Amino acid sequence: MAKKPTGSKEKQTARLAVADETRKPTGDAGKETTEATASSSAAPTSQEPIDDTASQKPVRKVSKAPKKAVARKRSTSTKQDSQATLSLDSNATNSPETPESSSDVRQPLQTISKESDIFDVSQEMSEASSRTLEPSDPPQAAEQPMEPSQANRSPATEPEEHQTQSQDNERPLEPQSREPEPEPEPAPPAYQEPPRPSLFIVHITPELAGVAKVGGLADVVFGLSRELAIRGNHVEIILPKYASMRYDQIHDLHEVYKDLWVPWYDAAIHCTVYFGFVHERKCFFIEPHSQDDFFNRPSIYGFQDDILRYAFFSRAAMEFLWKSGKHPDIIHCHDWQTSLVPVFLYEFYQPMGMTHPRVCLTIHNFAHQGVTGKEVLTATGLHRPEHFLDQVRMGDKRYRQALNLLKGGIVYSNFVTTVSPRYAYETKDQGQGFGLEPTLHTHHIKYGGVINGIDYDVWNPEIDRHIPVQYGLDSIERKYDNKRALRHRLMLAENEKAIVAFIGRLDPQKGLDLVRHAIFNTLERGAQFVLLGSSPDARINADFWGLKQMLNDSPDCHLEIGFDEELSHLIYAGADMMLVPSRFEPCGLTQLIALRYGTIPVVRAVGGLADTVFDKDHSARPLHERNGYVFKDYDNAGLESALGRAIACYNDFPNHFRDLMLNAMRSDYSWNIPGQDYLNIYDYIRDA
Ligand code: ADP
């Protein structure tokens with residue numbers, strides 16, 4: 001390993017001491033009691049009915065910011081279209097269990113919680129702009145801002161008018177003797193929101209669609225970064241320089257920083273930083289030169305030292321910002337892999353003078369938290385284990401003496417989001433936080449859910465180059481040319497049957513036993529099934545390979561074990577239904593993409609699935625907003641009921657099914673609204 005001695009261990013220790021004196025991390029004495037209390041109140045019961053009312057509460061509204069000035073591609077629906085309705089079909093009766101949310105999920109930023117938690121972020125914005133939101137800041141009472149209309153009204157006007165009128169009523173008018181009326185005061189100018197300042201935003205991420213994608217995180221960084229840039233912000237992305245990246249997708253890759261030395265244990269690792277464009281996004285790639293070969297591996301994850309690899313990357317990204325003199329307004333990091341970023345900022349870089357950036361952490365999945373031993377502390381220079389292992393900071397709740405990186409991210413960040421309001425509620429209050437419920441309760445004031453968007457430049461059947469025939473709302477019948485192409489490619493029989501598809505990681509989270517059951521149930525119901533998925537777990541892969549062999553002779557079934565982005569486009573376009581029977585689902589992109597392609601989602605009512613798919617027969621939503629089939633209980637009966645209704649509607653009520661497809665295609669899950677939500681959060685936390 002090429003190591004350069006840092007030579008300043010004493011200096012670093014001195015800095016840490018200063019950090020200790022001046023800024024105490026969020027957890028202070030007394031927090032532990034709060035955590036303990038919160039823990040006992042967060043009763044996890046998967047059997048409990050979903051509380052729709054909770055998600056109806058618009059807890060945090062972030063709605064005052066100006067609308068985007070740039071014209072954006074929107075759904076091409078006509079008014080006539082939007083009035084299209086669906087009628088109930090006879091099959092509706094066989095599924096009683098679908099009370100999905102009737103909440104308006106497009107509500108900007110919601111935290112779903114107790115009524116006592118309710119506050120309006122917009123009220124706090126003026127205050128936020130005048131103070132530094134330190135991780136240790138206690139929640140402060142928000143002052144009620146003056147309504148814009150009040151702020152612009154002349155205080156004298158109203159009483160005077162009132163006075164004149166009452167006098168006039170008392171005596172009759174004598175025009176000759178009347179004084180000439182004074183000229184009416186010119187109306188005050190209409191209130192105008194001040195223009196939003198352009199922000200410098202840096203995403204530090206382990207994944208980016210196009211070059212390094214494992215799951216939805218990659219799509220989110222890809223889509224959100226573009227949306228933020230379109231709105232006039234300066235956006236940069238920092239990610240590891242993986243050997244396994246799609247280099248053909250990087251334009252103009254070149255070295256920009258040759259001598260980055262990143263502190264690591266008692267020495268430092270030499271890194272080179274590259275710059276390149278990934279579909280117009282400005283990206284920096286960090287390449288460490290050491291025997292550890294942190295990113296010089298055949299895949300992105302799946303190694304014993306994953307936690308050390310990403311701890312190093314987080315430190316390297318911060319060191320790069322510091323050494324290159326970048327002081328972004330916002331650092332946006334993602335999941336446990338980059339959760340140490342706010343810790344490093346707070347412990348190392350703020351004391352050195354990097355006081356401007358604020359950190360937003362997005363948690364895409366609570367199932368992975370980066371729980372590890374003390375070694376990471378030694379490696380990264382966080383030299384006080386007893387301090388960091390404290391329960392109010394990064395001490396893991398379940399494994400004492402273990403460090404929980406995601407917890408550190410929550411404690412040290414200025415704002416924490418997860419990827420749907422429903423999942424925010426489930427993780428904090430429904431026992432889905434994998435042990436982090438008490439931490440979320442402690443930090444509830446800076447926690448909320450923003451539903452993901454999808455990038456309509458990539459996922460759009462009107463312009464998708466990966467599919468043989470483009471189509472849209474006005475040419476929906478051309479979707480069936482793609483269905484034929486899909487059958488041809490996967491050697492499925494050409495017939496009248498519906499195609500049910502599953503695309504996703506083969507992870508227990510995705511409801512693999514229900515997927516398995518769905519394959520057979522679909523075939524029994526006279527439909528076809530297509531699966532595209534893979535797993536880093538050899539046993540799961542082997543299991544699905546076995547299934548594939550078992551069904552090899554079926555003309556109505558194809559299982560593709562692997563990762564194939566291009567094929568996924570054809571499946572979204574060619575299938576009739578998309579199955580997402582997850583045990584839990586933070587947001588889920590597959591159902592959002594499917595909607596865009598007029599492929600009807602059949603989903604379980606959890607997390608973001610409940611926030612985005614509304615049952616054709618049982619939703620409280622207006623008929624024209626219903627866009628799929630939803631079941632609640634995680635069991636075969638629940639799945640069969642929803643799947644059965646979907647296939648029956650396809651077979652017996654094709655006009656209803658077509659209306660449902662049109663509704664699906666009209667649903668707007670672009671980055672337009674979530675992009676604004678994130679900007680509002682950035683505005684709320686930024687250093688004005
Ligand atoms: P998660 O992030 O949990 O993996 P999401 O639904 O949020 O799930 O995102 C999954 C994304 O990955 C979607 O864009 C989906 O199309 C894609 N994807 C998943 N598995 C595959 C695969 N085997 N081949 C191609 N794309 C896949």
Side-chain angles (χ1 to χ4, degrees), residues 205-224 246 299-302 334-337 362-368 418-420 422-423 432 449-461 464 466-467 486 489-490 501-512 515 530-537 540-541 544-545 548 558-575 578-597 599 601 603-604 606-613 669 671 674:
T205 174
E207 295 181 38
L208 178 67
V211 283
K213 172 169 164 174
V214 175
L217 192 169
D219 294 297
V220 170
V221 180
F222 191 81
L224 176 60
R246 288 281 306 268
S299 62
I300 292 180
Y301 307 125
H334 300 267
D335 274 351
W336 69 265
Q337 293 92 320
T362 295
I363 301 174
H364 300 256
N365 194 331
F366 275 79
H368 310 287
T418 190
V419 288
S420 69
R422 175 71 74 127
Y423 192 56
Q432 297 284 315
V450 178
I451 203 128
N452 285 336
I454 52 171
D455 191 331
Y456 282 180
D457 289 338
V458 176
W459 301 110
N460 181 354
D464 191 335
H466 296 299
I467 60 177
L486 177 64
R489 172 146 174 195
L490 302 183
F502 171 88
I503 299 176
R505 290 180 296 117
L506 297 179
D507 185 290
Q509 173 204 333
K510 300 290 176 188
L512 296 184
V515 171
V530 169
L531 175 142
L532 171 62
S534 63
S535 167
D537 183 331
I540 296 179
N541 262 343
F544 275 85
W545 271 107
K548 183 181 165 77
H558 182 91
L559 311 186
E560 186 73 24
I561 318 293
F563 189 94
D564 189 336
E565 181 106 33
E566 197 207 339
L567 176 60
S568 77
H569 283 251
L570 184 58
I571 297 176
Y572 284 117
M578 182 62 63
L579 180 68
V580 196
S582 306
R583 283 181 185 278
F584 68 93
E585 193 57 77
C587 176
L589 295 179
T590 42
Q591 87 280 10
L592 301 184
I593 301 170
L595 286 169
R596 186 64 172 163
Y597 284 75
T599 303
V603 308
R604 180 155 176 261
V606 280
L609 298 170
D611 280 340
T612 54
V613 181
Y669 289 112
W671 274 103

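Whatever order the structure lists them in is the order used to number ligands and atoms, beginning at 1. Remember, predicted model here, so these are calculated numbers, not experimental data. Scope of the values below: all heavy atoms of this structure, side chains included, with no hydrogens, waters or symmetry mates.
Of all protein heavy atoms, the one lying nearest to atom 6 (O) of ligand 1 is Leu589 N, 2.8 Å. Counting protein heavy atoms only, atom 10 (C) of ligand 1 is closest to Gly216 N, 4.0 Å. The shortest contact between atom 27 (C) of ligand 1 and any protein heavy atom is with Phe563 CE1, 3.4 Å. The closest protein non-hydrogen atom to atom 8 (O) of ligand 1 is Lys510 NZ, 3.0 Å.
For ligand 1, the atoms closer than 4.0 angstrom to any heavy atom of Thr590 are 6 (O), 15 (C). Distances below 4.0 Å separate heavy atoms of Arg505 from the following atoms of ligand 1: 1 (P), 3 (O), 4 (O), 20 (N). Taking every heavy atom of Tyr572 and a limit of under 4.0 angstrom, the matching atoms of ligand 1 come to 15 (C), 16 (O).
Only backbone heavy atoms of Asp564 (N, CA, C or O) come within less than 4.0 Å of ligand 1; its side chain stays farther off. No part of His364 comes within 4.0 Å of ligand 1, judged by heavy-atom distances. Residue Asp219 touches ligand 1 through its side chain alone, judged by heavy-atom distances below 4.0 Å.
Residue Gly504 holds the heavy atom nearest to atom 19 (C) of ligand 1 of all those in Gly504, Ala367, Pro586.
Ring orientation note: the planes of Tyr597 and His569 are nearly perpendicular, at an angle over 60° on the 30°/60° scale. A parallel orientation is assigned to the rings of Tyr423 and Phe584, their planes being inclined by less than 30° (bins at 30° and 60°).
Annotation: the span from Phe502 atom CZ to Leu579 atom CG amounts to 7.5 Å, rounded to 0.5 Å. Of the inter-residue distances, the one linking Leu208 atom CG with His334 atom NE2 reads 9.5 Å to the nearest 0.5 angstrom.
Looking at heavy atoms from C-beta onward, Pro581 lies out of side-chain contact with Leu512 at the 4.5 angstrom threshold. At a threshold of 4.5 Å between non-hydrogen side-chain atoms, the residues Tyr301 and Gln337 count as touching. Within the 4.5 Å cutoff, the side chain of Leu531 has heavy atoms near those of the Phe544 side chain.
There is no side-chain donor-acceptor pair under 3.5 Å between Gln591 and Tyr669.
Using a non-hydrogen distance threshold of 4.0 Å, Ile593 registers as a contact of ligand 1. Heavy atoms of Gly562 come nearer than 4.0 angstrom to ligand 1 in at least one pair. In this structure, Gly533 is part of the shell of residues with a heavy atom less than 4.0 angstrom from ligand 1. Contact between Lys213 and ligand 1 is present, with at least one heavy atom of the residue lying under 4.0 Å from the ligand. Within the structure, ligand 1 lacks Gln591 among the residues with a heavy atom less than 4.0 angstrom away.
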- prompt: Step by step, would you call Asp564 with Arg489 a salt bridge (Lys or Arg N to Asp or Glu O under 4.0 Å)?
  reply: CA-CA 13 Å; Asp564 189 336; Arg489 172 146 174 195; 3.5 Å; yes

- request: Test salt bridge (Lys or Arg N to Asp or Glu O under 4.0 Å) on Glu585 and Lys510 and set out the steps.
  value: CA-CA 8 Å; Glu585 193 57 77; Lys510 300 290 176 188; 3.0 Å; yes

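Of the possible polar contacts, one joining the Thr599 side chain to the Ala575 backbone as a donor-acceptor pair under 3.5 Å is found.
Considering backbone and side-chain atoms together, Gly215 places no N or O closer than 3.5 Å to any N or O of ligand 1. By the 3.5 Å distance cut-off applied to N or O atoms, Leu217 is not counted among the residues near ligand 1.
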